[in-house]
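Remarks on the structure that follows.
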Amino acid sequence: MVQHTLRDMFSSYVQKQGAFKDKNVLSHNYVPDVTFHREQQTKALAEILSPVLRGLEVSNCFLYGKTGTGKTVVAMNVTSELERTAKSVGKNLKVLYVNCKMKRVSDTEYRLLAELCRMLGREVPPTGLPTDAVYAMFYEAVESVGGSVMLVLDEIDALVSKIGDEILYNLTRMNQRLAGTKVSMIGISNSVSFIEALDPRVKSALSEEEIIFQPYNSMQLKDILTQRADLAFAPSAIKPGVIEKCAALAAQEHGDARKALDLLRIAGEIAERNGSPAVGIEHVDIAEDKLDTDRMVEIVRSQPKQSLAVLAAVIKLIDSKREGIQTGDVFTLYAEMCSRAGLKVLTQRRTSDLIAELDMLGVITTSVISKGRYGRTREIRMVLPPPVIEKIRSILRESYLL
DNA sequence: AGTCCACAGGAAGGGCAGGCGA
DNA sequence: TCGCCTGCCCTTCCTGTGGACT
């Protein structure tokens, strides 16, 4: 009988392990070896970069497409394979990958250069040196590599919108200054229009070659999810229709593979927490709600106090069941709430901008209407689902605004 | 047709924090 | 360390506007 209870224990333990085999496979950082439906882009990039294996100069290249369309994965796969091959044929190749959006690591000219220096084994103090000194160190470090250096700048649009395109201009001109080492750049951007806004010299240098990443459709997302799910979940831990549902939901939203994987991961976590052995469609539904709610809560939480005060005034007016809430009403209540809370009262002009910003973030919905004799104003509504509004309320309460 | 309301939203500039460079 | 620069938030001042009312 002892045998029996042990077996029960173990099998219930196995069941408690839940659906996951390796959750890491679904995380944003995981780079799969196989990239589905990106063969064309992979091949194109490989062809552009392969001259490096003969020690020849390589064109700069620009990859663009929306979030979750596989740009980073393709770039990483191709460059790491290239690095491996170069090593095996005795060529010097160093690939430097930087995500330019990393706060406090690579979001200024100095930090980015310092980070690149560090990757090449040169320690740079986090602050203190003049930027041209860091440039000099970087040039010297690159020179010492002595073969080819490939810079992969991910989210390059974020960098440029923050610090301008001069750094790109300097980087694209490195080859003219260096004798021993050839430098090439791969820029990755979510925004297609970004390149149009660049200095023409940078633009022509950076976009010698361009590769476009179209959004995935739901069939393609399904393939991607199936492959990842095989690695991430225990066998038969996913009920029929789950993958299709995740794929369809993500396809609706500009074919974002990252969102599809998030949905699957969160659905898996929910199933695990509920103690169910397999992920079902009902878990995906909850996951979708959770993803939307989390996103909105994150947006609201990151708002400055004044913006939250305006939002609090809007919610209070909605609570009092007023129809047709307009800017003037919000401003009056906002001013009153601020003076009660000891907060500085901003002008109506500024409040009007804050309302417009909240609208842009999707927290509230507004439309400019004219009430004839009674003026022209914004009519403000809230169309978020009640659970999300409830969460927002609790954030406002935490900040003593409600 | 003209008036007028209640704002929208553009332009310019002040003030401040934080980063940069000597 | 300290002046300088930059970007951001905000104010002030302003013109523009759709349609009910006269």
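Computed over heavy atoms, backbone and side chain alike; hydrogens, waters and symmetry mates excluded. So you know, we letter chains A, B, ... as the sequences are listed, proteins then strands, and number each from 1.
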>> At less than 4.0 Å, is any side-chain N or O atom of S352(A) found next to OP1 or OP2 of dA8(B)? Yes or no.
In response: yes
> Looking for any heavy atom pair under 4.0 Å, which part of the strands does V330(A) touch: base, sugar-phosphate only, or nothing?
Replying inline: nothing
> Quick one: do D262(A) and R258(A) make a salt bridge, cutoff under 4.0 Å?
Replying inline: no
> Counting only heavy atoms not in K222(A), do more than 12 fall under 6.0 Å of its NZ?
Replying inline: no
> Would you say R373(A) reaches dC21(C)'s phosphate, i.e. side-chain N/O to OP1/OP2 under 4.0 Å?
Replying inline: no
> Does the base of dG9(B) carry an N or O that pairs as donor and acceptor with the side chain of R349(A) under 3.5 Å?
Replying inline: yes
> Quick one: which of dG18(C), dT11(C), dC7(B) gets closest to the side chain of S370(A)?
Replying inline: dG18(C)
> Does R376(A) have a side-chain nitrogen or oxygen under 4.0 Å from the phosphate oxygens OP1 or OP2 of dG19(C)?
Replying inline: no
> Rounded to whole angstrom units, what separation is found between the NZ atom of K371(A) and the C1' atom of dC7(B)?
Replying inline: 11 Å
>> How many whole angstroms separate atom CD of Q303(A) from atom C1' of dC9(C)?
In response: 14 Å
>> Check this one for me: any side-chain N or O of T327(A) less than 4.0 Å away from OP1 or OP2 of dA8(B)?
In response: yes
>> Please report the distance, rounded to the nearest Å, between CE in M360(A) and C1' in dG9(B).
In response: 14 Å
> To the nearest Å, how far apart are K344(A) NZ and dC10(C) P?
Replying inline: 7 Å
>> Starting the side chain at C-beta, find the nucleotide from dT11(C), dG9(B), dA6(B) nearest to T377(A).
In response: dA6(B)
> Mind checking whether Y64(A) and F213(A) have ring centres under 6.0 Å apart?
Replying inline: no
> Do other residues, nucleotides or ligands put more than 12 heavy atoms under 6.0 Å from the CD atom of E81(A)?
Replying inline: yes
>> Distance check needed: dC10(C) C1' versus K305(A) NZ, whole Å only.
In response: 19 Å
>> Could you tell me how far apart E357(A) (CD) and dA8(B) (P) are, to the nearest whole angstrom?
In response: 13 Å
> Rounded to the Å, how far apart are E379(A) CD and dG18(C) P?
Replying inline: 17 Å
>> If we ignore hydrogens and angles and just use 3.5 Å, is the side chain of S50(A) paired with the main-chain N or O of A46(A) as donor and acceptor?
In response: yes
> Looking at Q306(A), does any N or O in its side chain come under 4.0 Å of the phosphate oxygens OP1/OP2 on dC9(C)?
Replying inline: no
> Once you round it to whole Å, what is the distance between C1' of dG15(B) and CZ of R350(A)?
Replying inline: 14 Å
